[in-house]
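One structure is given below, encoded as structure tokens.
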Amino acid sequence: MSCYHPATSENLSTLGRAASCIAGVLLRAVQNDLGRKKEKAMKQHPLTLFALGAALLLSLPAHAADIDWKKVDAALGKTAAVSGEVHRYGLPRSDLRVTLDGIAIKPALALGGWVAFAPMHGEAMVMGDLVLLDTEITPVMTKLLEGGLDVTAIHNHILRAAPATFYMHVAGHGDPEKMAASIRAALSSGSKTPFDPPATTAGPAPTVDLDTAKLDEAMGAKGSANGGVYQFGIPRRDPATESGMQVSGALGGANAINFQPTDGGKAAITGDFLVTGDEVNPLIRVLRASDIEVTAIHSHMLDEQPRMFFIHFWANDDAVKLARGIRAALDKTAVAQH
């Protein structure tokens, strides 16, 4: 009978119980391998077993409670949105004025950079997506590499935008405060990514001038308004894993679908689908049949299991019609049922 349990705040709370469990495993090994004589000797030294168990326990990974998230917030200069044990920081390029096919792109539609931290092996894993101009790519990358971070992809998400924007995906494992400081230093020195809180203005938040109830019905999911954009985050049925960690939606592991109202019930849509290799072409065939443009097909990560691909898209048409096309495309993939 195994005594192993994942290293979580619930099952690491009692040192004695866990140490006793490990000691029990050691004792059974002694019984099997050394016989009754040595078994008797070991039973005469229970404190030895307890000490061994405690030492093994202390070598196990720390959990979320061991990270001082206020220090991580301070290092990055942002306040996280918390989802389970994941702390996600928004880095929108609100400083950019980007247009595509005559449409002014809101940050929440296609310019929403972010980084997210999750506890891992006593430290933290970070994953993220930074929105950059072409002139910012090399200086930001250089600083990230100097700070010990990895760059896992650089590519476009949309086409024909002016100015052109690119997306740098980053990853790392280590001290979360140090990684946060490295990310801020890289962006502050190599780009104009804003870190100051947005200036508050009187009046209500931007409205979404769309029939959101009909969009929810067509999508088979409930969306949410964010910065004048209606957003859907639809997880896969079986999330991918990276370095043994589940890539949750907060870490970029969900289908992201965004609707920005244009006029007369129309919307500009973009985002990305998260699919396995065998799902790529069935999905893009449905998108093209719905007059939705496929703008990129690529990877965001390096070592995930199973291998995942991200499909980006664009259209500006009747919002409900587009939602039905998106739903038909999602149905070609292994999405979670709502």
Side-chain angles (χ1 to χ4, degrees), residues 81-84 86 88 90 92 94 98-112 114 157-158 198 200-239 248-275 279 282-295 310-338:
V82 182
S83 176
V86 177
R88 180 171 168 131
S94 55
V98 179
T99 60
L100 198 170
D101 296 345
I103 298 166
I105 302 297
K106 294 181 182 294
L109 181 67
L111 305 173
W114 57 273
H157 286 181
I158 52 180
T200 57
T201 57
T207 59
V208 177
D209 187 19
L210 294 170
D211 190 333
T212 56
K214 287 186 177 179
L215 291 181
D216 290 348
E217 181 181 4
M219 289 287 294
K222 177 65 177 173
S224 60
N226 175 28
V229 175
Y230 201 61
Q231 301 181 323
F232 293 89
I234 300 178
R236 287 186 62 83
R237 185 167 59 241
D238 298 308
S248 64
L251 288 168
N255 298 279
I257 317 295
N258 302 325
F259 290 75
Q260 178 180 313
T262 47
D263 58 67
K266 296 174 67 176
I269 63 168
T270 192
D272 54 7
F273 296 91
L274 175 59
V275 299
E279 296 171 339
L283 182 140
I284 65 176
R285 284 190 168 92
V286 173
L287 291 177
R288 293 304 304 126
S290 301
D291 290 326
I292 298 172
E293 184 178 15
V294 176
T295 58
F310 292 77
I311 300 177
H312 298 264
F313 57 92
W314 170 266
N316 178 29
D317 204 339
D318 178 81
V320 176
K321 171 190 169 184
L322 292 175
R324 291 179 181 136
I326 292 292
R327 183 69 239 185
L330 282 169
D331 288 341
K332 294 295 183 180
T333 71
V335 293
Q337 298 301 310
H338 288 260

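- Taking the side chain to side chain donor-acceptor pair (under 3.5 Å) definition, one finds that Thr262 meets it with Asn316, sequence neighbours left out.
- Closest non-hydrogen pair, Ala323 versus Ala218, comes out as CB-CB, 3.7 Å.
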Next item on the list: Take Ile158 and His312 through the side chain to side chain contact (heavy atoms under 4.5 Å, CB included) test and state the conclusion after the steps.
Entry: CA-CA 7 Å; Ile158 52 180; His312 298 264; over 6 Å; no
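- For Ala267 against Ala319, the heavy-atom pair with the smallest separation is CB-CB, 3.8 Å.
- Under a cut-off of 6.0 angstrom, the local environment of CZ in Arg285 is sparse, with at most 12 non-hydrogen atoms contributed by other residues, nucleotides or ligands.
- When all heavy atoms are compared, the tightest approach of Leu322 to Ala315 is CD2-CB, 3.8 Å.
- Side-chain N or O atoms of Thr295 include one that pairs as donor or acceptor with a backbone N or O of His157 at under 3.5 Å.
- One finds the NZ atom of Lys321 at 8.5 Å from the CD1 atom of Ile292 (value rounded to the nearest 0.5 Å).
- Scanning both residues, Gly249 and Ala254, for their nearest heavy atoms gives CA-CB, 3.9 Å.
- Between the CG atom of Leu287 and the CG atom of Leu330 there is a distance of 9.0 Å, given to the nearest 0.5 Å.
- With Arg237 contributing its side chain and Ala334 its backbone, the two residues share no donor-acceptor pair below 3.5 Å.
- With Gln260 contributing its side chain and Ile105 its backbone, the two residues share no donor-acceptor pair below 3.5 Å.
- Between Pro261 and Gly228, the shortest heavy-atom distance links the atoms CD-O, 3.4 Å.
- How far CG of Leu111 is from NZ of Lys106: 11.5 Å, rounded to the nearest 0.5 Å.
- Formation of a donor-acceptor pair under 3.5 Å by the Asp216 side chain with backbone atoms of Lys222 is not found in this model.
- The minimum heavy-atom distance linking Ala104 with Thr99 is given by the pair CA-CG2, 4.2 Å.
- Residues passing the salt bridge (charged side-chain N to carboxylate O under 4.0 Å, His left out) test with Glu293, sequence neighbours excluded: Arg160.
- Distance check, rounded to the nearest 0.5 Å: CG of Asn258 to CD1 of Ile269 gives 9.5 Å.
- Looking at heavy atoms from C-beta onward, Ile257 lies out of side-chain contact with Tyr230 at the 4.5 angstrom threshold.
- At least one side-chain heavy atom of Thr333 sits under 4.5 Å from a side-chain heavy atom of Arg236.
- Between Ile103 and Trp314 there is a side-chain heavy-atom pair separated by less than 4.5 Å.
- Using bins of under 30°, 30° to 60° and over 60° for the plane-to-plane angle, the ring pair Phe259/Phe232 lands in the perpendicular bin.
- The list of salt bridge (charged side-chain N to carboxylate O under 4.0 Å, His left out) pairs with a residue in residues 258-272, not counting sequence neighbours, is empty.
- Side chains of Asp318 and Arg324 form no contact here, defined as non-hydrogen atoms less than 4.5 Å apart.
- Taking the side chain as every heavy atom from C-beta outward, Ile284 and Phe313 never approach each other to under 4.5 Å.
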